[in-house]
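What follows is one structure encoded as structure tokens, with my remarks underneath.
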Amino acid sequence: MDAQQELYSALLMALKTKFKDTKVGVYDAFLPPDGTPYPFIYFGDNQAVDDYGNKSMITGHVYQTVHVWHDDPKKRGTQSMIMAQIKDIARGIRDTKSYHWSIRHINQQVIPDTTTSQPLLHGVLDLEFEITGGKQ
């Protein structure tokens with residue numbers, strides 16, 4: 001399996017497990033339909049940059065964007081808690097079937113979202129993972 005897909009799947013499954021018994025939905029591939037309860041997590045962009053400078057293993061970086069939406073600006077603490085849990089899970093990913101990982105950078109921002117009739121909080125986590133070992 002490709003490195004970016006392997007990481008994507010590992011992170012997605014870890015988040016679905018973490019938030020399984022909560023009211024926080026986890027979605028990928030497309031945004032959930034109108035009427036979906038808030039807060040929810042959505043897997044956004046994913047990018048891989050492979051480096052073949054090493055003859056014995058694959059190295060490189062995988063970038064994953066994770067969005068968190070909440071419909072109550074007064075509950076920013078809840079949004080921040082969800083984002084902190086996502087960061088903790090990302091930091092804990094060390095190994096997948098074919099690759100070893102290290103989290104390199106996490107960029108976090110919370111921005112107002114006025115694309116709906118109700119004001120939303122839109123959290124964005126840009127996660128950068130480094131492939132620290134893998135099979136070529």
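Along the sequence shown, residues carry numbers from 1. What's counted below: heavy atoms across the whole structure, side chains too, no hydrogens, waters or symmetry copies.
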Worksheet item: How about Met81: does its CE atom have over 12 heavy atoms from other parts shown lying under 6.0 Å from it?
Response: yes
Discussion item. Are Met83 and Val66 packed together at the side-chain level, in the sense that at least one heavy-atom pair is separated by less than 4.5 angstrom?
Written reply: no
Item to complete: Can you tell me which residue pairs pass the salt bridge (Lys or Arg N to Asp or Glu O under 4.0 Å) test with a partner in residues 83-93, sequence neighbours excluded?
Response: Asp88-Arg91
Worksheet item: Are any of the side-chain heavy atoms of Pro39 and Asp71 separated by less than 4.5 Å?
Response: no
Worksheet item: Can you tell me if Glu6 uses its side chain to pair, donor with acceptor, with the backbone of Lys97 under 3.5 Å?
Response: yes
Item to complete: Name all residues meeting the ring-ring contact (aromatic ring centres under 6.0 Å, His included) criterion together with Phe43; count only those two or more places apart in sequence or in a different chain, and write none if there are none.
Response: Tyr8
Worksheet item: For Thr36, which residues count as a side-chain hydrogen bond (donor to acceptor under 3.5 Å, both in side chains) partner, sequence neighbours excluded?
Response: none
Worksheet item: Is there a side-chain contact between Ile93 and Ile103, using heavy atoms and a 4.5 Å cut-off?
Response: no
Discussion item. Ser102: which residues meet the side-chain hydrogen bond (donor to acceptor under 3.5 Å, both in side chains) condition with it, sequence neighbours left out?
Written reply: none
Item to complete: Check side-chain hydrogen bond (donor to acceptor under 3.5 Å, both in side chains) between Gln79 and all other residues, then give those that pass, not counting sequence neighbours.
Response: none
Item to complete: Answer with yes or no whether the hydrophobic clustering places Leu11 together with Val124; edges join I, L, V, M, F, W, Y residues whose side-chain heavy atoms lie under 4.5 Å apart.
Response: no
Item to complete: Could you tell me which residues satisfy side-chain contact (heavy atoms from CB on, under 4.5 Å) with Ala3, sequence neighbours excluded, listed by chain and number?
Response: Tyr99, Trp101, Ile131
Item to complete: Would you mind reporting whether Leu125 and Asn107 have side-chain heavy atoms less than 4.5 Å apart?
Response: no
Item to complete: Any salt bridge (Lys or Arg N to Asp or Glu O under 4.0 Å) involving residues 108-122? Give me the pairs, sequence neighbours left out, ordered by first then second residue.
Response: none
Worksheet item: What pairs with Arg94 under side-chain hydrogen bond (donor to acceptor under 3.5 Å, both in side chains), at least two apart in sequence or on another chain?
Response: none
Discussion item. Give me each pair satisfying side chain to side chain donor-acceptor pair (under 3.5 Å) with a member in residues 116-129, each pair once, sequence neighbours excluded.
Written reply: Thr65-Asp126, His67-His122, His105-Glu128
Fill in: Hydrophobic cluster of Val49, others only, ordered by chain and residue number, side-chain cut-off 4.5 Å
Tyr63
Worksheet, complete the sentence: In short, side chain to side chain donor-acceptor pair (under 3.5 Å) pairs touching residues 16-25 with sequence neighbours left out are none
Discussion item. Are His70 and Lys75 packed together at the side-chain level, in the sense that at least one heavy-atom pair is separated by less than 4.5 angstrom?
Written reply: yes
Worksheet, complete the sentence: Sorted by chain and residue number, the ring-ring contact (aromatic ring centres under 6.0 Å, His included) partners of Phe40 (sequence neighbours excluded) come out as Tyr27, Tyr38, Trp69
